[in-house]
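A short worksheet on the structure shown next.
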Amino acid sequence: MWSWVGHRITGVVIFVFLLVHVLDTSLVRVSPEAYTAVIGAYKNPIMGLGEAALVAAIVFHAFNGLRIIAIDFWKKGPKYQRQMLWTVLIAWVVVMVPFLIRHLTIVFSNFFGGH
Amino acid sequence: MSPIETAETAPEPASKIELPAHVGGGGEIPTFDVTLRVRRYNPEYSEESTWEDFSMTMYGTDRVLDALHKVKWEQDGSLSFRRSCAHGVCGSDAMRINGRNRLACKTLLKDLDTSKPITVEPIKGLPVEKDLIVDMEPFFQSFREVMPFLVNRGHEPAKERLQSAEQRERFDDTTKCILCAACTSSCPVFWTDGQYFGPAAIVNAHRFIFDSRDDAGDMRLEILNDKEGVWRCRTTFNCTEACPRGIQVTQAIAEVKQAILARQV
Ligand code: HEM
Ligand code: SF4
Ligand code: FES
């Protein structure tokens, strides 16, 4: 149940991001100055945290998506779904911890470094 | 003259086997106080459902069904719920107990947290008629649509229709269904889309699709290849967790999905 709720929420989050992302990227064709301004606005810690949340959502959605594919197509998938969910969560932590350390260091050192 | 001893009046002969107090139910059964928090609904008085608490002393061997009986028989005779066998075989008393679908007759009070009120609600996704009683008609409608009966086009044999142990094993799990609706009413897809066939109908289709004696598997696969059929399943596993018979419901649905795909290629 909760893996499904998480999958749907992260799916919708990723979709909304892609929508915004396509819009801001297409700005470059309308007005390069406006594009630069908008992209520049992403360089603050709030956006940095938003990026971290986005990566967290994508990583969960991707790993759990593979789990759902295994449930659908692997004969023993339904039997091992719970073990696979733990695997997804562990893999998620393993990927997110180093990423967050690196990402947040960059985000906050840039902010306090005054770039 | 001493009265005539009959089978009823004669004292039991003393047992020749000495049992320690802790075996054979010789010991005292522990008691404890519980509060049932029941979702009440009576359209004759109000369109609103309300919670009502009932407190009582129960035994360690009692089930939620016994507590409901105690309420109905001793506190409030208007409390309405379904039950028949009281032993987990008829499927009448599926209800939402502490937020999970279970059979009231198979849920021991001692296995729940008795320090807090035990919530008892009707199963979700079906129209409530009164208190814990829901209208099961939409559920049985879907059940009927999958043709839950043997269809055999060969000529009728004089004796039974033979099947190997392996062929019988193929659909053994789904023969255990008692149509309690715990699975279907635990499914978030069914809650939002009452048209979805639901896990129980798919389980009962599986029962015949994989039966070597049956000839209507293709028809059932076609019925479940509908937009309200197996493809609505999002593999949340709520049904598998809810099933009081321990049927691997999600697995059965996955097997039907795969059978539909295999048939189309
Ligand atoms: C990284 C690669 C991806 C994988 C492996 C993946 C996998 C999956 C799978 C297997 C499903 C089916 C879930 C189900 O049957 O319940 C699904 C659903 C979904 N995905 Fe993805 N996906 C990926 C990327 C994306 C992206 C980029 C988006 C956003 C545009 C997205 C949005 C969604 C949405 C909204 C759902 C529906 C959720 C639901 O029905 O509950 N996914 N994904
Ligand atoms: S599959 Fe299990 S939960 Fe569903 S109706 Fe049958 S016995 Fe009840
Ligand atoms: S009363 Fe028959 S299953 Fe519970």
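By convention in this document, chain letters (A, B, ...) are assigned in the order of the sequence lines, proteins followed by strands, and residues within each chain are numbered from 1. As the structure is a prediction and not an experimental result, all values here were calculated from the model.
Nearest heavy atoms, D72(A) versus K257(B): OD1-NZ, 3.7 Å. Taking every heavy atom of both residues into account, Q251(B) and K79(A) meet most closely at OE1-N, 4.3 Å.
Taking a 6.0 Å sphere around CZ of R168(B), one finds it holds more than 12 heavy atoms contributed by other residues, nucleotides or ligands. Within 6.0 Å of the CZ atom in R213(B), the count of heavy atoms belonging to other residues, nucleotides or ligands exceeds 12. No more than 12 heavy atoms of other residues, nucleotides or ligands lie within 6.0 Å of CD in E48(B), so this atom counts as exposed by the packing criterion. Enclosure of atom CE in M147(B) by more than 12 non-hydrogen atoms of other residues, nucleotides or ligands within 6.0 angstrom is indicated.
Using a 4.5 Å heavy-atom threshold, the side chains of N238(B) and W4(A) count as separate. Using a 4.5 Å cut-off on side-chain heavy atoms (C-beta onward), L85(A) and F237(B) make no contact. A heavy-atom distance below 4.5 Å is found between the side chains of R8(A) and R234(B).
Heavy-atom pairs under 4.5 Å with chain A were tallied for P188(B), A254(B), C187(B); the largest tally goes to P188(B).
The distance from atom OG1 of T235(B) to atom CD1 of I69(A), rounded to the nearest 0.5 Å, is 11.0 Å. The CD atom of Q81(A) lies 7.0 Å from the OG1 atom of T250(B); values are rounded to the nearest 0.5 Å.
Neither the backbone nor the side chain of K76(A) comes within contact range of chain B; no heavy atom of the residue lies under 4.5 Å from a heavy atom of that chain. Neither the backbone nor the side chain of E255(B) comes within less than 4.5 Å of any heavy atom in chain A.
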